[in-house]
Amino acid sequence: MPQLAILRYPDPRLHTVARPVTAVDDRIRQLVADMIETMYAAQGVGLAATQVDVHERVIVMDTSEERKAPLVLINPEIVERSAELALAEEGCLSVPQVYDRVERHARVRVHALDREGRPFELDAQGLTAVCVQHEMDHLVGKVFVEYLSAFKRDRIRTKMLKRTRDEQRRA
């Protein structure tokens, strides 16, 4: 299974809205397997297909302590949100080494399909709720830095562009 290239902010492809998966077939199952491998290799807890330049509604995540319980969400939809909000520090594989606090719903219920195309519901709280909301943002073209002030966003954008230029010079 190949590891996939993760798009880096401010790549404009990160703002592409993902389309629904029409059939959970071998192509989607292979994408899921490759995304899981990529997520683990990058030491992330979640990855949306948008981040690997595939603009379909697919998310993989693993918030377990052992990091051996990958969860697959195909065509996820949040069907319930708590009124209670929680502030948590977030990072993103598309914005490496940048962390900041973002306010999100403390609990969410999500309806999705699993990697076999079977429907299920997930009640999420804590890190899992944060991860679900963060990754679902990617599916609508939103990166977590967009929750931050314009000043912070501009600093992060400049930092990411400089890092990319430096890496290209060294290559």
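For clarity, every value in this text was computed on a predicted model and none was experimentally measured. Numbers for residues simply follow the sequence, beginning at 1.
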For the pair I78 and Q133, evaluate side chain to side chain contact (heavy atoms under 4.5 Å, CB included) and give the outcome as yes or no after the intermediate values. CA-CA 9 Å; I78 293 177; Q133 293 171 86; 4.1 Å; yes

Is it the case that atom [atom1] in [X] sees more than 12 heavy atoms from other parts of the structure closer than 6.0 Å?
{"X": "R157", "atom1": "CZ", "result": "no"}
{"X": "E167", "atom1": "CD", "result": "yes"}
{"X": "Q43", "atom1": "CD", "result": "no"}
{"X": "E56", "atom1": "CD", "result": "yes"}

[atom1] of [X] to [atom2] of [Y]: how many Å apart, nearest 0.5 Å?
{"X": "L93", "Y": "R8", "atom1": "CG", "atom2": "CZ", "answer": "11.0 Å"}
{"X": "E77", "Y": "L139", "atom1": "CD", "atom2": "CG", "answer": "9.0 Å"}
{"X": "L14", "Y": "D137", "atom1": "CG", "atom2": "CG", "answer": "12.0 Å"}
{"X": "L47", "Y": "C131", "atom1": "CG", "atom2": "SG", "answer": "9.5 Å"}
{"X": "D11", "Y": "L161", "atom1": "CG", "atom2": "CG", "answer": "10.0 Å"}
{"X": "I156", "Y": "M160", "atom1": "CD1", "atom2": "CE", "answer": "7.5 Å"}

Are the side chain of [X] and the backbone N or O of [Y] linked by a donor-acceptor pair below 3.5 Å?
{"X": "R19", "Y": "H55", "answer": "yes"}
{"X": "D123", "Y": "R109", "answer": "no"}
{"X": "R153", "Y": "L148", "answer": "yes"}

Could you tell me which non-hydrogen atom of [X] sits nearest to which non-hydrogen atom of [Y], and how far apart they are?
{"X": "E116", "Y": "V24", "result": "C-CG1, 4.0 Å"}
{"X": "L73", "Y": "A112", "result": "CD2-CB, 3.8 Å"}
{"X": "L87", "Y": "E103", "result": "CD1-N, 3.6 Å"}
{"X": "C92", "Y": "H138", "result": "SG-NE2, 3.4 Å"}
{"X": "L113", "Y": "G117", "result": "CD2-O, 3.5 Å"}
{"X": "T38", "Y": "L4", "result": "OG1-N, 2.8 Å"}

Verify same cluster id: [X], [Y] (apolar side-chain graph, 4.5 Å):
{"X": "F120", "Y": "V110", "result": "yes"}
{"X": "M136", "Y": "V21", "result": "no"}
{"X": "I74", "Y": "L71", "result": "no"}
{"X": "M39", "Y": "I6", "result": "yes"}

Quick one: ring pair (Phe, Tyr, Trp, His ring centres under 6.0 Å) pairs with a partner in [range], sequence neighbours left out?
{"range": "residues 2-43", "result": "none"}
{"range": "residues 66-119", "result": "none"}
{"range": "residues 139-171", "result": "H134-F144"}

Would you call D166 and R163 a salt bridge, using N to O less than 4.0 angstrom? no

Taking salt bridge (charged side-chain N to carboxylate O under 4.0 Å, His left out) as the cut-off, I'd like each qualifying pair that reaches into residues 83-98, sequence neighbours left out, listed once. E84-R107, E90-R104

Will you find, in the side chains of Q30 and D26, an N or O donor that is under 3.5 Å from an N or O acceptor? no

Apply side chain to side chain contact (heavy atoms under 4.5 Å, CB included) to the pair T158 and R155, showing each step before the final yes or no. CA-CA 5 Å; T158 300; R155 283 186 35 213; 5.9 Å; no

Linking directly or through intermediates, with side-chain heavy atoms under 4.5 Å: list the remaining ILVMFWY members grouped with V130, chain and number order. none

So do the side chains of V143 and S94 get within less than 4.5 Å of each other, counting heavy atoms only? no

What residues form a side chain to side chain contact (heavy atoms under 4.5 Å, CB included) with R115, not counting sequence neighbours? V32, I36, P70, V72

